Amino acid sequence: MRVVAERAALDTDVGRLARALPALARSLRYGDVRGTGTGALADVATGLAERIFVGLPPACAALDADAAEEMRGHVDAVHGAVRLLEEEAGAERAPLPGRLRDRWRDVLRLLSERRGVAGVVRGRAVRLLLDDGELAADEAARLMGLALSPGTPPADAAAWIEGFVGGGAGGGLLLVHDERLLGLVDGWLSGVSAQAFTDVLPLLRRTFSAYETGVRRTLGELVRAGPGKRRTVVRAGAGTAGFADEIDAGRADAVLPVVRLLLGRDGTQRDDDQPAGVRT
């Protein structure tokens, strides 16, 4: 652990540090077969996280498309590692000094608003804050509006969208259920010039092709309906799709038989025959 701490202190490559932190967090969370104490490992992981927090914002500036995409992956990895470390601290299995999540939240806020940070990283920072409840939906919409403003180069705006709703992070469903965000993306895309649209099309295709077929179909129907009519989009035989003022109790109840079947509660399997995990 001393050797690892010394090497981490001398390493200035934020990407390499970001790749190392998740492995340390997993080791801290799950331990090893020898039951080795994790106190020293917690100190190393905390020190590594702090170095990443300091070095990440400047490392995210002036990146080309490939480097920005790689950095987005590092941000995701660090986010997951910080959550693991905080869970360990909360469980008092490996006390960690300070509040890592608070420090990480501040880093994400800085990344989301700093000019010069790659668009895909800014967009992902906003999304992570929104998912964790650290950012209000109105503020997320404001930041998206700024990122998609007419003065923003189309390629940078498309990268922001990729960071916010791409990467398999459930972004398609976010657009389905938040009319404001969908309207911002729709309005920006409708206003992009023909030449710029050709330039950003590959990135947009990659972003939206990652969504499931049903999500893509629903988004298409909502966009085709246009502003002000999206709440009344109707799919033949499937009821209301997309937005609704209230929960459709009938459609919600329709899934219960499948849930009971999956849990073995349909009468075909006794509780004693179920695996312990299912009974729990």
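None of these values were measured; they are calculated from a predicted model.
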* **Ala158 versus Val200, closest heavy-atom pair with distance** => CB-CB, 3.9 Å
* Asked: Does Leu174 have any side chain to side chain contact (heavy atoms under 4.5 Å, CB included) partners at least two apart in sequence or in another chain, and if so, which?
  -> Arg127, Leu130, Phe164, Leu181
* To do: Apply side chain to side chain contact (heavy atoms under 4.5 Å, CB included) to the pair Phe53 and Leu48, showing each step before the final yes or no.
  => CA-CA 9 Å; Phe53 296 165; Leu48 198 64; over 6 Å; no
* Over all heavy atoms of both residues, which pair between Val126 and Ser112 is shortest? Give the atoms and the distance, please. => CG2-CB, 3.5 Å
* Structure fact -> Residues at least two apart in sequence or cross-chain that pass salt bridge (charged side-chain N to carboxylate O under 4.0 Å, His left out) with Arg103, listed by chain then number, are Glu50
* How would you list all residue pairs meeting salt bridge (Lys or Arg N to Asp or Glu O under 4.0 Å) that involve residues 189-205, not counting sequence neighbours? -> none
* Arg105: salt bridge (charged side-chain N to carboxylate O under 4.0 Å, His left out) partners, not counting sequence neighbours -> Asp102, Glu134
* Who pairs with Ser149 by side-chain hydrogen bond (donor to acceptor under 3.5 Å, both in side chains), at least two apart in sequence or on another chain? -> Thr152
* Asked: Does the side chain of Leu148 reach to within under 4.5 Å of the side chain of Leu189, using non-hydrogen atoms?
  -> no
* Provide the full list of salt bridge (Lys or Arg N to Asp or Glu O under 4.0 Å) pairs with a residue in residues 142-156, sequence neighbours left out, each pair given once. => Arg122-Asp156, Glu139-Arg142
* Leu128 reachable from Leu110 in the ILVMFWY side-chain graph, under 4.5 Å edges -> no
* Which atom names give the shortest non-hydrogen contact between Leu21 and Ala45, and what distance separates them? -> CD1-O, 3.6 Å
* Asked: When rounded to the nearest 0.5 angstrom, what is the spacing between CG in Leu24 and CG in Leu85?
  -> 8.5 Å
* To do: With sequence neighbours left out, write down each residue that passes salt bridge (charged side-chain N to carboxylate O under 4.0 Å, His left out) with Arg109, or none if nothing qualifies.
  => none
* Do Leu175 and Leu219 pass the side chain to side chain contact (heavy atoms under 4.5 Å, CB included) test, and can you show the C-alpha distance, the side-chain angles, and the key distance before you say yes or no? -> CA-CA 8 Å; Leu175 292 178; Leu219 285 174; 3.8 Å; yes
* Where do Leu111 and Leu56 land on the side chain to side chain contact (heavy atoms under 4.5 Å, CB included) test, with the steps shown first? -> CA-CA 9 Å; Leu111 291 176; Leu56 191 60; 4.0 Å; yes
* Linked, directly or transitively: Val223 and Leu201 (ILVMFWY side chains, under 4.5 Å) -> yes
* For Pro154 and Ala196, which heavy atoms make the closest approach, and how far apart are they? -> CG-CB, 3.6 Å
* **Side chain proximity check, Val75 to Val121, heavy atoms < 4.5 angstrom** => yes
* To do: Sequence neighbours left out, what passes side-chain hydrogen bond (donor to acceptor under 3.5 Å, both in side chains) with Trp160? Give chain and number order.
  => none
* To do: Please answer: with hydrophobic residues joined when any side-chain heavy atoms are less than 4.5 Å apart, are Val117 and Leu203 in the same cluster?
  => no
* Output yes when Arg101 and Asp132 qualify as a salt bridge under the 4.0 Å nitrogen-oxygen rule, no when they do not. => no
* **Non-neighbouring partners of Asp106 that pass side-chain hydrogen bond (donor to acceptor under 3.5 Å, both in side chains), sequence neighbours left out** => none
* For Glu212 and Arg217, what are the C-alpha separation, side-chain angles and deciding distance, and is it a salt bridge (charged side-chain N to carboxylate O under 4.0 Å, His left out)? -> CA-CA 9 Å; Glu212 294 183 357; Arg217 182 185 302 114; over 6 Å; no
* **Option from Arg124, Arg19, Arg83 for which salt bridge (charged side-chain N to carboxylate O under 4.0 Å, His left out) with Asp76 holds** => Arg124
* Asked: What closest approach, in Å, do Ala77 and Ala18 show between heavy atoms, and which atom pair accounts for it?
  -> CB-O, 4.5 Å
* To do: Report whether Met144 and Val192 are members of the same hydrophobic cluster (ILVMFWY, side-chain heavy atoms less than 4.5 Å apart, transitive linking).
  => yes
* Structure fact -> Nearest heavy-atom contact between Pro58 and Arg114 is N-NH1, 4.0 Å
* **Note, Met71 side chain near Val120 side chain (heavy atom, < 4.5 Å)** => no
* Asked: Residues two or more places apart in sequence or in another chain: which of them pass side-chain hydrogen bond (donor to acceptor under 3.5 Å, both in side chains) with His74?
  -> none
* **Any pair counted as ring pair (Phe, Tyr, Trp, His ring centres under 6.0 Å), so long as it reaches residues 185-210, sequence neighbours left out** => Phe208-Tyr211
* Does the side chain to side chain contact (heavy atoms under 4.5 Å, CB included) test come out yes or no for Leu146 and Glu113, once each step is laid out? -> CA-CA 10 Å; Leu146 292 175; Glu113 299 178 355; over 6 Å; no
* Can you measure from CZ (Arg16) to CD1 (Ile52) and round to the nearest 0.5 angstrom? => 12.0 Å
* Can you name the side chain to side chain contact (heavy atoms under 4.5 Å, CB included) partners of Asp64, sequence neighbours left out? -> Asp66, Ala67
